[in-house]
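These notes are about the structure you will find just below.
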Amino acid sequence: MGRWGIVALAALAVMGTACSPGSAKPATSDEAATSTTHTPRITDDSGRPPVAFDPCYDIPDDVMNAAGYDASEKKMADMPMGSHTFLGCRYAGTIHIPGALARYGLIILAGNVTLEEELEKNGVVSTTTTINGRRALREVGANGNDECTYVLEADFGIILFNRLYHKDHAGPVPVDEWCAGLDQFVERIEPFVGA
């Protein structure tokens, strides 16, 4: 996830507040967002593009619920960094497999840093890929065990999907399980993130 994500994750832990259902007009799954029409919640003074995708508002709750995440408990945070901005949304997974998986934790971050900057920070754990034809990175274990990140390129910068596997057993989670199914989830969400 890199320095951007680490700073953003720390900010999420400190500044996270619940998204209230009435605080924004919710999109429906039939409205695959190709561009946002709302003003970004926050901008910075860096000269970088404003973050034009808000993970807590621009991904329909029914899509997240269908994917196994509790949208009623999502948390958001505004993270102005001066030199860049991240808008983030944190979800808890609802899927539980006794003896294997307690749940997944998911953080989606949209930031105005470039894919090249992210690759420079995490190149050692990154593999270039594409998601629905969009340039992307797959980062395995950038911040430690049991986590996987997909990073999508956007006109304003990047969108990171960081999932942490909360195991329900002693011993390690096999590395090949860290990213299992995350690519299909990101493919499902990608149409909502705009250009």
Side-chain angles (χ1 to χ4, degrees), residues 1-2 4-21 23-24 26-29 32-33 53-77 79 86-111 122 125-127 129 131-132 136-152 158-193:
M1 181 175 353
W4 326 115
I6 292 169
V7 172
L9 287 175
L12 276 171
V14 172
M15 300 169 55
T17 58
C19 293
S20 63
S23 62
T28 66
S29 58
F53 171 72
D54 191 323
C56 268
Y57 292 138
D58 294 332
I59 303 172
D61 287 350
D62 62 335
V63 171
M64 293 302 296
N65 289 333
Y69 295 94
D70 187 356
S72 70
E73 296 292 326
K74 64 186 174 183
K75 307 283 184 193
M76 68 183 226
M79 293 162 275
F86 275 93
L87 300 179
C89 200
R90 180 175 37 191
Y91 295 87
T94 59
I95 298 167
H96 175 79
I97 304 168
L101 172 68
R103 66 177 172 84
Y104 288 120
L106 177 72
I107 297 177
I108 304 173
L109 299 166
N122 274 333
V125 295
S126 297
T127 303
T129 187
I131 297 288
N132 297 340
L137 301 173
R138 179 179 186 249
E139 300 175 352
V140 180
N143 299 306
N145 290 343
D146 307 336
E147 63 94 17
C148 181
T149 304
Y150 274 82
V151 184
L152 301 183
I158 59 174
I159 301 137
L160 298 100
F161 298 82
N162 177 262
R163 187 183 71 188
L164 179 61
Y165 191 117
H166 297 285
K167 62 186 177 179
D168 193 16
H169 59 82
V173 175
V175 174
D176 62 349
E177 290 183 25
W178 296 2
C179 294
L182 186 58
D183 54 342
Q184 290 94 345
F185 168 76
V186 176
E187 286 172 2
R188 185 183 310 173
I189 300 303
E190 185 274 336
F192 297 96
V193 304

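Values below: every heavy atom of this structure, side chains too, minus hydrogens, waters and symmetry copies. Bear in mind that the values here come from a model prediction, so they are computed numbers and not experimental data.
Minimum heavy-atom separation, L109 to G88: CD2-CA, 3.6 Å. Nearest heavy atom pair, residue L101 against residue I95, reads CD2-O, 3.9 Å. The two residues A71 and N65 have their closest heavy-atom pair at N-OD1, 2.9 Å. Between R103 and G93, the closest heavy-atom pair is CB-O, 3.5 Å. Minimum interatomic distance between V140 and C179 (heavy atoms only, all atoms of both residues): CG2-SG, 3.7 Å. For R163 against E177, the heavy-atom pair with the smallest separation is NH2-O, 3.7 Å.
Classification of the F185-Y69 ring pair by plane angle, with boundaries at 30° and 60°, yields tilted.
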| Evaluation steps, side chain to side chain contact (heavy atoms under 4.5 Å, CB included), between Y57 and L87 | CA-CA 10 Å; Y57 292 138; L87 300 179; over 6 Å; no
| query | Would I189 and V63 satisfy side chain to side chain contact (heavy atoms under 4.5 Å, CB included), going step by step from the backbone distance to the final call? | reply | CA-CA 8 Å; I189 300 303; V63 171; 3.6 Å; yes
| Residue pair I159, F53: steps toward the side chain to side chain contact (heavy atoms under 4.5 Å, CB included) verdict | CA-CA 8 Å; I159 301 137; F53 171 72; 4.0 Å; yes
| said: What verdict does the side chain to side chain donor-acceptor pair (under 3.5 Å) test give for N132 and E187, after you've listed the backbone C-alpha separation in whole Å, the side-chain angles of each residue and the deciding distance to 0.1 Å? | reply: CA-CA 6 Å; N132 297 340; E187 286 172 2; over 6 Å; no
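Between the side chain of W178 and the main chain of N145, no donor-acceptor pair closer than 3.5 Å is present. Judged purely by atom type and a 3.5 angstrom limit, T129 has no side-chain atom pairing as donor or acceptor with the backbone of L137. In this structure a side-chain-to-backbone donor-acceptor pair under 3.5 Å is present from H96 to A102.
Taken to the nearest 0.5 Å, the CE atom of M64 stands 8.5 Å off from the NZ atom of K74. Residue N162 holds its CG atom at 7.5 Å from CG of L106, rounded to the nearest 0.5 Å. To the nearest 0.5 Å, atom CZ of residue R90 and atom CD1 of residue I107 are 6.0 Å apart. Within the model, atoms CG of D183 and CZ of F161 stand 12.0 Å from one another, a figure rounded to the nearest 0.5 Å. Summarising the geometry, atom CG belonging to L152 is positioned 9.5 Å from atom CD1 belonging to I158; distances are rounded to the nearest 0.5 Å. Between D70 atom CG and Y91 atom OH the span is 10.5 Å, to the nearest 0.5 Å.
In this structure the side chain of Y150 reaches within 4.5 angstrom of the side chain of I131, judged on heavy atoms. F86 is listed as a side-chain neighbour of L160, based on a closest heavy-atom distance under 4.5 Å.
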